[in-house]
Amino acid sequence: MTTKTDGKPGKKATHATDKAVVRALLDRQRRTYTARAGIRLRNTPAPLYQTLVLAILLSARIRADIAVASARALFDAGLRDARSMADASWQDRVDALGKGGYRRYDERTSTLLGKGAELLLERYDGDLRRLREESDPKKALLDIPGIGPTGADIFLRDVQGIWPELAPYIDRKALDGARRLGLPASPKKLSGLVAERDIPRLADGLVDAALDKPLADEVLAAADAA
């Protein structure tokens with residue numbers, strides 16, 4: 001049976017349940033973006049900052065695998081927290097981004113990473129747990145150079161696993177993926193299809209489905225065959 005996956009609301013095969021589609025998606029989405037970047041996400045300053053850096057890189061018009069590789073290159077260069085990022089030279093940051101393949105935006109992003117690190121040190125002493133205490137964390141994130149609405153969504157999507165008051169954080173792009181897969185376009189209903197610990201992985205998987213039509217086709221075919 002042909003399934004619509006053209007970005008408009010999808011239509012599952014008649015016997016493919018929502019849970020079967022989600023299972024097929026998670027089978028292909030073994031790790032979140034943070035895990036792919038080598039970040040062991042915990043509620044401590046360094047991994048939270050690394051997640052923010054990854055969100056900045058992912059929010060540019062560049063392939064996700066290049067953003068992830070570039071985040072790894074920055075961390076491998078020792079730029080793992082706000083202090084080390086601020087203390088690094090502009091050229092050090094450019095060189096690390098280049099090693100990850102982030103060449104189209106490397107110079108501008110190096111500047112943004114430096115300015116963002118300085119702001120975090122000034123406002124939160126480099127500790128993003130203090131941002132969590134803000135009355136509106138998303139609004140506070142938008143003050144950080146390099147973070148726009150998309151970057152804020154990426155950051156909050158992944159930290160909901162350790163900041164459970166945010167859950168379920170299923171942003172607009174993830175909901176686009178849900179529609180493409182014929183799933184409910186409701187954060188509450190979507191989160192009810194998985195264990196609480198898997199909500200960030202589901203959200204990232206839905207984003208991948210929104211961005212990658214062949215992946216969505218593969219997920220729907222697998223769900224149909226289950």
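We're numbering straight along the sequence, starting at 1.
- Taking CG of L183 as the reference point, atom CD1 of I170 lies at 10.5 Å (rounded to 0.5 Å).
- Using a cutoff of 4.0 Å between basic side-chain nitrogens and carboxylate oxygens, K213 and D217 are scored as salt-bridged.
- For CD of E134, the number of neighbouring non-hydrogen atoms (other residues, nucleotides, ligands) closer than 6.0 Å is greater than 12.
- Using a 4.0 Å cut-off between a side-chain N of Lys or Arg and a carboxylate O of Asp or Glu, E218 and R28 qualify as a salt bridge.
- Side-chain heavy atoms closer than 4.5 Å link hydrophobic residues (I, L, V, M, F, W, Y) into clusters, and following such links, possibly through other members, connects L25 to V194.
- Counted by atom type alone, Y49 and D127 present zero donor-acceptor pairs between their side chains at under 3.5 Å.
- A salt bridge links D143 to R123: one of the charged nitrogens lies within less than 4.0 Å of a carboxylate oxygen.
- Distance CZ/R179 to CG/L206: 11.0 Å, rounded to 0.5 Å.
- For the side-chain contact (heavy atoms from CB on, under 4.5 Å) with F155, the qualifying choice from V53, L128, L58 is L128, the only one to do so.
- Between R93 and D106, none of the side-chain N atoms (NZ, or NE/NH1/NH2) sits under 4.0 Å from a carboxylate O, so this pair counts as no salt bridge.
- Atom CG of L74 is separated from atom OG1 of T109 by 9.5 Å, given to the nearest 0.5 angstrom.
- Shown here is R129, whose CZ atom has more than 12 heavy atoms of other residues, nucleotides or ligands within 6.0 Å.
- Comment: R201 does not engage D204 in a salt bridge, judged by the lack of any side-chain N to carboxylate O separation of less than 4.0 angstrom.
- The line from CZ of R42 to CD1 of I162 is 9.5 Å long, rounded to the nearest 0.5 Å.
- Among R31, R72, R30, the single residue meeting the side-chain contact (heavy atoms from CB on, under 4.5 Å) criterion with R36 is R31.
- To the nearest 0.5 angstrom, K138 atom NZ is 11.0 Å from I147 atom CD1.
- With rounding to the nearest 0.5 angstrom, the CG atom of D81 is 8.0 Å from the CD atom of Q50.
- A single hydrophobic cluster is not seen to contain both L156 and L202; linkage of ILVMFWY side chains at heavy-atom distances under 4.5 Å, directly or through other members, places them apart.
- For the side-chain contact (heavy atoms from CB on, under 4.5 Å) with V68, the qualifying choice from I39, L57, L54 is L54, the only one to do so.
- Between R83 and D87 there is a salt bridge, since at least one side-chain N of the basic residue sits less than 4.0 Å from a carboxylate O of the acidic one.
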